[in-house]
Chemist: 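Here you go, one structure.
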Amino acid sequence: MPARRALLISAAAVLALALAAPAVAQTGKPIPVVATFSILGDMVKHIGGKHVAVTTLVGPDGDTHVYQPTPADARAVSEAKILVVNGLQFEGWLDRLIDASDFRGVRVVATDGIEPLAAEHGSDPHARDGEAGHDKHAGGDDHGHHDHGAFDPHAWQSVRNATVYAANIAAALARADPGNSGTYHRNRDAYVNRLEALDSEIHRIVARLPAGRRTVVTSHDAFRYFGHNYGLTFIAPQGLSTESEASAKDVARLVRQIREQGIRAMFVENITDPRLLKRIAEETGASIGGTLYPGALSGPDGPAPTYLDMMRHNATTIAQALAP
């Protein structure tokens, strides 16, 4: 979907919510915003600037799949005017946190308006057949685990989708703080311009790889949107959630595929235990090509302190390892 069209669709998707939401009183203080994980927090900061005070629940190098909210998180959510979430059942703990916090602000689903990719339930042991996935109000089971329903939630792994995230965030901020709406829209436009330039850059990076060197092995199945947008195939021993465990059959199948296709490099992730992938690399003779960032930024001194840095790092790391 072209980025400009995505902006229009996304703005329309949030309109009903915006009309129903009360504007924040013009106190001159930054709007308290809670973002569920570091990528969303970074986007809110880019668009909101000095007019927002952002609390991020799952910080850099944190795994949102297995996160357990704290009482401090509940307090932060209870005080927030806006809660920015990914949606697509990514935050399986979200409804329990909202119930505990008695949140009365506006919930913004950043993925509203994207075209989600279907989940491949065969690779996700936690998936339950027949459950609707495009549900803003993701829940969990009694043990704290959750599946991702019918859709893959890792939509930020396509930079095109990030333009939709930006539009949803900007529309919510403009409605909550109409006095600064012009700033939010200008910041969104500037951010989208950078996203579009990055999208083109990643296409150029990947285009240099030969057709036979475009299969990428990662720890868990978080890069399907990246592969769909940029022309790569991603395979992983784990499913969509890091809560899932790779079976011996899945690992054996992956080892066979790596050998048959002559895959040279594998990539560990900043949010998962690298030991399984390192064992597979030793067994197949493949090398570890670097660390990718599937769903969390690095710290400020790392290679992926912002979303733009993260996506560029992932693309260049893959291309350097797979290049002839």
Chemist: Quick check against the 3.5 Å criterion: does Asn180 have a side-chain atom that pairs as donor or acceptor with the backbone of His51?
Modeler: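 Here the side-chain-to-backbone pair does not exist.
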
Chemist: Without hydrogens or angle criteria, can the side chains of Thr70 and Asp73 be said to hold a donor-acceptor pair below 3.5 Å?
Modeler: yes

Chemist: Supply the atom-to-atom distance Asp63 CG to Asn270 CG, rounded to the nearest 0.5 angstrom.
Modeler: 9.0 Å

Chemist: Has the side chain of Asn168 got a donor or acceptor atom that lies under 3.5 Å from a matching backbone atom of Val108?
Modeler: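 Flag not set: sc Asn168 to bb Val108 has no pair under 3.5 Å.
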
Chemist: Looking only at side-chain N and O atoms, does Asp199 offer a donor or acceptor that is under 3.5 Å from a partner on Asn229?
Modeler: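 A donor-acceptor contact under 3.5 Å links the two side chains.
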
Chemist: Going by heavy atoms in the side chains, are Val159 and Tyr230 under 4.5 Å from each other?
Modeler: yes

Chemist: Quick one: CE on Met43 to CG on Leu195, what's the gap to the nearest 0.5 Å?
Modeler: 6.5 Å

Chemist: Arg214 side chain to Val206 main-chain N or O, any donor-acceptor pair under 3.5 Å?
Modeler: yes

Chemist: Using modelled atom types and a 3.5 Å cut-off, is there a donor and acceptor pairing between side-chain atoms of Tyr225 and backbone atoms of Leu117?
Modeler: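 Yes; judged by distance alone, with no hydrogens or angles, the pair exists.
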
Chemist: Check for a donor-acceptor pair, side chain of Glu91 on one end and backbone N or O of Thr64 on the other, with a separation under 3.5 Å.
Modeler: no

Chemist: State whether the side chain of Gln157 and the backbone N or O of Ala222 hold a donor-acceptor pair below 3.5 Å, judged by distance alone.
Modeler: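 It does not hold such a pair.
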
Chemist: Could you give me the CA-CA distance, side-chain angles and deciding distance for Lys278 and Met266, then say whether side-chain contact (heavy atoms from CB on, under 4.5 Å) is met?
Modeler: CA-CA 9 Å; Lys278 289 181 177 178; Met266 308 168 65; over 6 Å; no

Chemist: List the steps, then state whether side-chain contact (heavy atoms from CB on, under 4.5 Å) holds for Leu94 with Arg107.
Modeler: CA-CA 11 Å; Leu94 182 64; Arg107 180 174 0 184; 3.5 Å; yes

Chemist: Give, for atom OH of Tyr307 and atom CG of Asp42, the distance between the pair rounded to the nearest 0.5 Å.
Modeler: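 Going from OH on Tyr307 over to CG on Asp42, the span is 10.0 Å.
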
Chemist: Between Asp250 and Arg253, is a salt bridge (charged side-chain N to carboxylate O under 4.0 Å, His left out) present by the stated rule, with each step listed?
Modeler: CA-CA 5 Å; Asp250 291 334; Arg253 185 188 304 114; 2.9 Å; yes

Chemist: List the residues meeting salt bridge (charged side-chain N to carboxylate O under 4.0 Å, His left out) with Arg104, not counting sequence neighbours, and say none if there are none.
Modeler: Asp102

Chemist: In Å, rounded to the nearest 0.5 Å, how long is the span from OH of Tyr293 to CD of Glu269?
Modeler: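 That separation rounds to 11.5 Å.
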
Chemist: May I ask you to decide if Val268's main-chain N or O and Ser219's side chain share a donor-acceptor pair within less than 3.5 Å?
Modeler: no

Chemist: Report the residues that fulfil side chain to side chain contact (heavy atoms under 4.5 Å, CB included) with Gln257, sequence neighbours left out, ordered by chain and then residue number.
Modeler: Ile235, Gln261

Chemist: Can you sort out the partners of Arg312 under side chain to side chain contact (heavy atoms under 4.5 Å, CB included), two or more places apart, ordered by chain and number?
Modeler: Leu198, Glu201, Asp309, Thr316

Chemist: Examine distances only and state if a side-chain atom of Thr317 and a backbone atom of Asn314 form a donor-acceptor pair shorter than 3.5 Å.
Modeler: no

Chemist: Does atom NE2 (His185) have a neighbourhood of more than 12 heavy atoms from anything else shown, all under 6.0 Å?
Modeler: yes

Chemist: Between Ile169 and Tyr184, does the side-chain contact (heavy atoms from CB on, under 4.5 Å) criterion hold? Intermediate values first, please.
Modeler: CA-CA 9 Å; Ile169 292 167; Tyr184 301 134; over 6 Å; no

Chemist: Is there a donor-acceptor pair under 3.5 Å between the side chain of Ser181 and the backbone N or O of Ala174?
Modeler: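 No: the side chain of Ser181 does not pair with the backbone of Ala174.
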
Chemist: Can you check side-chain contact (heavy atoms from CB on, under 4.5 Å) on Leu97 and Leu57, steps first, answer last?
Modeler: CA-CA 11 Å; Leu97 175 59; Leu57 300 182; 3.6 Å; yes

Chemist: Kindly assign one of parallel, tilted or perpendicular to the pair His154 and Phe90, based on the angle between their ring planes and the thresholds 30° and 60°.
Modeler: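 Perpendicular, since the angle between the ring planes exceeds 60°.
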
Chemist: For Trp93 and Val66, indicate whether the former's side chain and the latter's backbone hold a donor-acceptor pair under 3.5 Å.
Modeler: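 A pair under 3.5 Å: no.
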
